[in-house]
2 protein chains.
Amino acid sequence: MSTAHHRKKQPLFVRQQLLEVAARLASEKGMTAVTLDAVSGASGVSKGGLLHHFPSKNMLLEALFDSLLERLDAAIEEAMRADPLPHGRFTRAYLHACLALRDQPQGTKDWAQVTMVLLTEPQLRQRWHAWVRERSEEYVGTDSSVDAAIVRLAADGIWLADLLGSHDLDESARQRLIDRLIELTRL
Amino acid sequence: MSTAHHRKKQPLFVRQQLLEVAARLASEKGMTAVTLDAVSGASGVSKGGLLHHFPSKNMLLEALFDSLLERLDAAIEEAMRADPLPHGRFTRAYLHACLALRDQPQGTKDWAQVTMVLLTEPQLRQRWHAWVRERSEEYVGTDSSVDAAIVRLAADGIWLADLLGSHDLDESARQRLIDRLIELTRL
DNA sequence: CATAACATACCAGTTGGACGGTTTCGTCAA
DNA sequence: TTGACGAAACCGTCCAACTGGTATGTTATG
């Protein structure tokens, strides 16, 4: 009966907003704080409305995780388009995507933290495995060298350090590290 | 009135067991499955008994995280004692501790997953920060080089890959990577 | 006017935790 | 040696708040 009932209906916008709210809750207050009540409350959407978009809590979490993977894919594809050299292209793009989150404005750090939170949920970890397997098969021709694997490993380490805030590297050292990693993808 | 009431009192053992059960629940079913009821039920200790050892759920989680950090400290110290060269000694020990979990028997993989699960809880992330800061200050004389930082970063990456099961490195490649990392700690 | 996009009301089960009871243990005087 | 006694280590119950989810509306949109 109240406010949101009379406003213009924007299903895609509302759906998007619900995912963002869920992401913010997860990163700020941990996984246990992501409840249907909390999400619906913080987004100004009723619980019924929330359950209309996502039939169950699992569906909500899976949709959230999928949207994060889509963003990752988009960032990687964009970086790959700007890279003329085929060999190691995917690995460089992956590295770039991992590095990017540190320099992005506010929301993107949450993004990474949510990814990690979601990875702790065993069911969603399978989705991540599938993603990794797909990519490693797709780019087996150009990114299957040992060095490339090492670079991707290091990128994960940087990703982890960035989102945990364990910054003990200064800018110049970080830049030297990145240069070296990119060099490794070309070998 | 029933069973456990009459058995011999073993406060330290019970406390230890409660932490192990909580760890197992967290790694197998995710953070949302770690409830007081679940922990007390799976450990054969009443909820009252559980709340006697850990006055609140937060206290339980913090104690669990602390015990994990203690294990990490113990593994690192052991590795450091076996290392005669001071320069980079802590970093090598840290690397060794990160690598060790893959080769350990069953329970230890859970250990790492729990660490990650707990790291998603914002309050516990601060504890991790404190741990990192302490160590980086303690070993500033021997492990503050850029290369050492890089090695620790890569160790985190390996740690993450191991516990997520994203194994795309074969044994020989892994060994070459490790050798290279150890070499870097000596520069 | 049919359907999608919401809202409101309600439910049964679960949650963290408070509370008061019972049993064991350490210790120290007699 | 004993035995009293306070503290620590448990147990079982109860509860208010919250949980995910259902069922049934009401409103907007094509």
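Reckoned from all heavy atoms, side chains included, excluding hydrogens, waters and symmetry mates. All values derive from a computational prediction rather than experimental measurement. We name chains A, B, ... by the order of the sequence lines, and we start the count at 1 in each one.
- Side-chain atoms of A:Pro11 lie closest to C:dA5 of the nucleotides C:dG16, D:dA8, C:dA5.
- Straight-line distance from the CG atom of B:Leu12 to the P atom of D:dA9: 8 Å, rounded to whole Å.
- Contact between A:Ala148 and A:Asp143 at its shortest, heavy atoms only, is CB-O, 3.8 Å.
- Two residues are said to be in side-chain contact when any heavy atoms from C-beta on lie closer than 4.5 Å; B:Thr142 and B:Arg89 fail this criterion.
- For the atom pair CD of B:Gln175 and OG of B:Ser172, the computed distance is 9.0 Å after rounding to the nearest 0.5 Å.
- Between B:His53 and D:dC10 there is a side-chain polar atom (N or O) within less than 4.0 angstrom of OP1 or OP2.
- Place A:Ala38 and B:Gly49 on DNA chain D by their nearest nucleotides, and B:Gly49 ends up nearer the 5' end.
- Between A:His52 and C:dA5 there is a side-chain N or O to OP1 or OP2 distance below 4.0 Å.
- Within the 3.5 Å criterion, the main-chain N or O of A:Phe90 finds no donor-acceptor partner in the side chain of A:Arg135.
- One interatomic measurement links the two molecules: CD of A:Gln16 to C1' of C:dC6, which rounds to 18 Å at whole-angstrom precision.
- The listed nucleotides are C:dG16, C:dA5, D:dC10; the one nearest the side chain of B:Thr35 is C:dG16.
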Check nucleotides 17-19 of chain C for protein N or O atoms closer than 3.5 Å to its own N or O atoms and list the pairs.
unit_1	atom_1	unit_2	atom_2	d
C:dG17	OP2	B:Lys57	N	2.8
C:dG17	N7	B:Lys47	NZ	3.4
C:dG17	O6	B:Lys47	NZ	3.0

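- Under a 4.0 Å N-O distance rule, the pair A:Arg180/A:Glu183 qualifies as a salt bridge.
- Below 30°, between 30° and 60°, or above 60°: for A:Trp131 and A:Trp128 the angle between ring planes is below 30°, a parallel geometry.
- Rounded to whole Å, the distance from CD on B:Gln17 to C1' on D:dC10 is 14 Å.
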